[in-house]
Amino acid sequence: MRTSQYILATLKETPSDAEIISHQLMLRAGMIRKLASGLYTWLPSGLKVLRKVEQVVREEMDKAGAIEMLMPVIQPADLWQESGRWEQFGPELLRINDRHNRPFALGPTHEEVITDFVRKEINSYKQLPITLYQVQTKVRDEVRPRFGVMRAREFTMKDAYSFHLTEECLAQTYQRMHQAYCNIFERLGLDYRPVIADTGSIGGSVSHEFHVLAESGEDAIAFSSESDYAANIEKAEALAPTEARPEASKELNTFATPEAKTIADLKAKHGVKPHRGVKTLIVYGTPDENEQRGLVALVVRGDHELNELKAEKHTLVDSPLEMAKEEDIFAAIGAHPGSLGPVGLNMPIIVDRSAAVMADFVAGANNNGEHHSGINWDRDVTDYQVFDLRNVVEGDPSPCGNGILQIKRGVEVGHIFQLGTKYSEAMNAGVLGENGKNQVMTMGCYGIGVSRIVAAAIEQNNDDYGIKWTKALAPFELAIVPMNMHKSHRIPDIAERLYSEFKQAGLEVLFDDRKERPGVMFNDMELLGVPYTLVIGERNLDNNQVELKNRRTGEKLMLDINEAVAAITAQIRS
RNA sequence: CGGCGAUUAGCGCAGUUUGGUAGCGCACUUGGUUUGGGUCCAAGGGGUCGCAGGUUCAAAUCCUGCAUCGCCGACCA
């Protein structure tokens, strides 16, 4: 490719709405342009990278025995009604009507469509197990799109679905997919971790996420210092403290706190250390037979955070978890948030394990502008349950029993699930078993955020000059940069000759034939992240030499012109 | 969905307080100059100042409404 006939589209200045480095560099390097919030056009060099990711994904999926197919983006509403997700998925499901006013959805994922396909096409246990996949555009009307293609409303995803007769068979395929995912991220040269995950809106039992480690990641991951244990923080269990609760040593006391409504206020104005107090969060309980929801109090230590996913797993707590409205709280307790506590509270009380081993602690007195000190469980509050409610924090013991937890941030680029029969049962997808009887299939599903990987890879591979692509992802393998070609007789000849020889050798080469100053060309090639640049200049031509620069290492290598093509091709292919 | 902010040329921004017929840098076009790390000089093209309505002799500027985009929040009582 010649730059004069290409859309390089590099930018000197950073567009003001790009927050994270990958978004900035993708815009500056001319990979993407925004069309509207969360919607991006891929320019030629961006698309090249995207296709490289797809290619690696395809090869590894094929190797793992999956079969590629392609399903529509537009999906009829009745399939979603059948699975129950037309209601459940919420506003993230972008809905449209056709000209006959029939409802459709733009597919955020394809469990419904694939299950419908398989129930029609697969009739016998002899055809199982089978794993099908596609690389396709997904649509999710995100609450808050951000970070460019990292969290977009339209994005490219590889989604695979497997169908089985038994749980054991599913577990085997799941393991094979897990391995395929490791192979993919390995080949892409990413620093990644598989972590134990929650199943979220997709459903199922066992699940792992694959995270690319990056400061800008939207997820927190807890790692053991001693073992392979890694889990999304929303899933990591906070173990019960091993030490016993100290004896009560203080009397229950009430003190005025007119200005203190938060844990931070209590610390600033009354010297109460956050870990010596608790916070009491009021949420709605599970509806009773009349569809009425009562209130439930959740108590965590002042310096801890409530984990909503854990809380909503408690049978008394409504799912999805919803914080009680202020007027409902006042109606039930007679006090406003900021002065709430477990003492004398007339509703179910669920206490986090760490809060349950506190003694002589501080909490709101359920009277505006008052707090209690010297509170003790079983003496001052008798009716309560203990449950894991909080997010783990750095330094907590690892749930695996080995080591302590460290917390890092990650970008979720893959997620695999053992779904079980959630969809196959709802949609009546079965096959005839060996015994001649109908049997519901067991399913797994496996997703990779293809377009997100492009951004995640940049988060991990950049410097002050731009992107530093790994071999597997670079849009071009080599750039030819001739110095002041238009002023020289020899340089155009040599550049053209080398260019065609590299093409002949099958290399993806970008020939910068613009009439630009050397600095402009170097900067553009470095911004775009081309791994190798071949510099052709008068200076070295007298010695019959050209110079090869390595983008990642900065290394420079002088090569004889006549050996350059063979040597460089060998190096890049190695 | 709530709070805050922004919207002026392809990009980055000034001008808005105090109303008077729109500007800077980059990019683009032309000519010259320079040439191994974003040259310099000159000339030029490009804007219904987000949209709609209002106030006024006069609106980018003041008022009202709407839209779009972004940030923060949507547990921390």
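Chain letters run A, B, ... following the sequence lines, proteins first, then strands; residues in each count from 1.
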Interatomic distance at [atom1], [N] relative to [M], whole Å:
N	M	atom1	answer
B/rC66	B/rC26	C1'	34 Å
B/rG38	B/rC72	C1'	36 Å
B/rC71	B/rC28	P	29 Å
B/rC49	B/rU16	C1'	11 Å
B/rG45	B/rC4	P	44 Å
B/rA42	B/rA6	C1'	37 Å
B/rG65	B/rU21	P	29 Å
B/rG46	B/rG5	C1'	29 Å

At under 4.0 Å between heavy atoms, what does A/Glu526 touch on the DNA or RNA strands: base, sugar-phosphate, or nothing? base
Which residues pass the side-chain hydrogen bond (donor to acceptor under 3.5 Å, both in side chains) test with [X], not counting sequence neighbours?
X	value
A/Arg517	none
A/Asn484	none
A/Glu13	none
A/Trp80	A/Gln75

With a 4.0 Å cutoff (strictly under), does any side-chain N or O of A/Arg517 reach OP1 or OP2 of B/rU35? no
Those residues that, when tested against A/Thr553, pass side chain to side chain contact (heavy atoms under 4.5 Å, CB included) (two or more places apart):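 Only A/Asn550, A/Glu555 meet the side chain to side chain contact (heavy atoms under 4.5 Å, CB included) criterion with A/Thr553.
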List in numerical order all residues of residues 527-544 of chain A for which some heavy atom is under 4.0 Å away from an atom belonging to RNA chain B. A/Val535, A/Gly537, A/Arg539, A/Asn540
Identified pairing partner of [N], criterion: Watson-Crick or G-U wobble below 3.5 Å:
N	result
B/rU61	none
B/rU29	B/rA43
B/rA9	none
B/rA14	none
B/rA77	none
B/rG50	B/rC66
B/rC71	B/rG3
B/rU34	none

d([atom1], [X]; [atom2], [N]) in whole Å:
X	N	atom1	atom2	result
A/Lys515	B/rU34	NZ	P	12 Å
A/Asn484	B/rG38	CG	P	12 Å
A/Leu8	B/rC28	CG	C1'	16 Å
A/Arg514	B/rG38	CZ	P	14 Å
A/Leu35	B/rG10	CG	P	16 Å
A/Gln545	B/rG36	CD	C1'	15 Å
A/Glu142	B/rC69	CD	P	14 Å
A/Ile494	B/rG36	CD1	C1'	16 Å

Produce a footprint string for nucleotides 2-7 of chain B: one letter per nucleotide, 5' end first; B if the base is under 4.0 Å from any protein heavy atom, S if only the sugar-phosphate is, - if neither. ------
For nucleotides 70-77 of chain B, give me one character per nucleotide, 5' to 3': B if any protein heavy atom sits under 4.0 Å from the base, S if the only such contacts are to the sugar-phosphate, - if neither. SBB-BBBB
Please lay out, stage by stage, how A/Asp513 and A/Thr3 fare under the test side chain to side chain donor-acceptor pair (under 3.5 Å). CA-CA 6 Å; A/Asp513 60 344; A/Thr3 49; 3.2 Å; yes
Regarding A/Arg151 and A/Glu218, does a basic nitrogen lie under 4.0 Å from an acidic carboxylate oxygen?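 Salt bridge: yes.
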Quick one: the side chain of A/Glu516 and the base of B/rG38, do they pair up donor-acceptor inside 3.5 Å?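 Answer no: no donor N or O sits under 3.5 Å from an acceptor.
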According to ring pair (Phe, Tyr, Trp, His ring centres under 6.0 Å), does anything in residues 329-363 of chain A pair up with another residue at least two apart or in another chain? List the pairs.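 Matches after skipping sequence neighbours: A/Phe330-A/His336, A/Phe361-A/Trp377.
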Ring pair (Phe, Tyr, Trp, His ring centres under 6.0 Å): which pairs involve residues 507-561 of chain A, sequence neighbours left out? A/Tyr499-A/Phe511
Looking at residues at least two apart in the chain, or sitting in another chain, which of them share a ring-ring contact (aromatic ring centres under 6.0 Å, His included) with A/His371?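 Testing A/His371 for ring-ring contact (aromatic ring centres under 6.0 Å, His included), a comparison that skips the adjacent residues, returns none.
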Find which nucleotide of RNA chain B each of A/Lys12 and A/Asn523 is nearest to by heavy atoms, and output the residue with the more 5' nucleotide.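 Nearer the 5' end of the strand: A/Lys12.
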I'd like a table of donor-acceptor pairs (distance under 3.5 Å, sequence neighbours excluded) in which one partner is a side-chain atom from residues 386-394 of chain A, with atom names and distances.
{"from": "A/Asp388", "atom 1": "OD1", "to": "A/Lys310", "atom 2": "NZ", "distance (Å)": "3.3"}
{"from": "A/Asp388", "atom 1": "OD2", "to": "A/Ala238", "atom 2": "N", "distance (Å)": "3.2"}
{"from": "A/Asp388", "atom 1": "OD2", "to": "A/Lys310", "atom 2": "NZ", "distance (Å)": "3.1"}
{"from": "A/Arg390", "atom 1": "NE", "to": "A/His304", "atom 2": "ND1", "distance (Å)": "3.4"}
{"from": "A/Arg390", "atom 1": "NE", "to": "A/Asp352", "atom 2": "OD2", "distance (Å)": "3.4"}
{"from": "A/Arg390", "atom 1": "NE", "to": "A/Ser354", "atom 2": "OG", "distance (Å)": "3.1"}
{"from": "A/Arg390", "atom 1": "NH1", "to": "A/Asp396", "atom 2": "OD2", "distance (Å)": "2.9"}
{"from": "A/Arg390", "atom 1": "NH2", "to": "A/Ser354", "atom 2": "OG", "distance (Å)": "3.2"}
{"from": "A/Arg390", "atom 1": "NH2", "to": "A/Asp396", "atom 2": "OD1", "distance (Å)": "3.4"}
{"from": "A/Arg390", "atom 1": "NH2", "to": "A/Asp396", "atom 2": "OD2", "distance (Å)": "3.3"}
{"from": "A/Asn391", "atom 1": "OD1", "to": "A/Asn307", "atom 2": "ND2", "distance (Å)": "2.9"}
{"from": "A/Asn391", "atom 1": "ND2", "to": "A/Glu305", "atom 2": "OE1", "distance (Å)": "3.0"}
{"from": "A/Glu394", "atom 1": "OE1", "to": "A/Ile407", "atom 2": "N", "distance (Å)": "3.1"}

Is any side-chain heavy atom of A/Met358 closer than 4.5 Å to one of A/Val278? yes
Can a donor-acceptor pair be found between the side chains of A/Glu459 and A/Ser216 at a distance below 3.5 Å? yes
Going by atom types alone, do A/Arg245 and A/Asn376 pair a side-chain donor with an acceptor below 3.5 Å? no
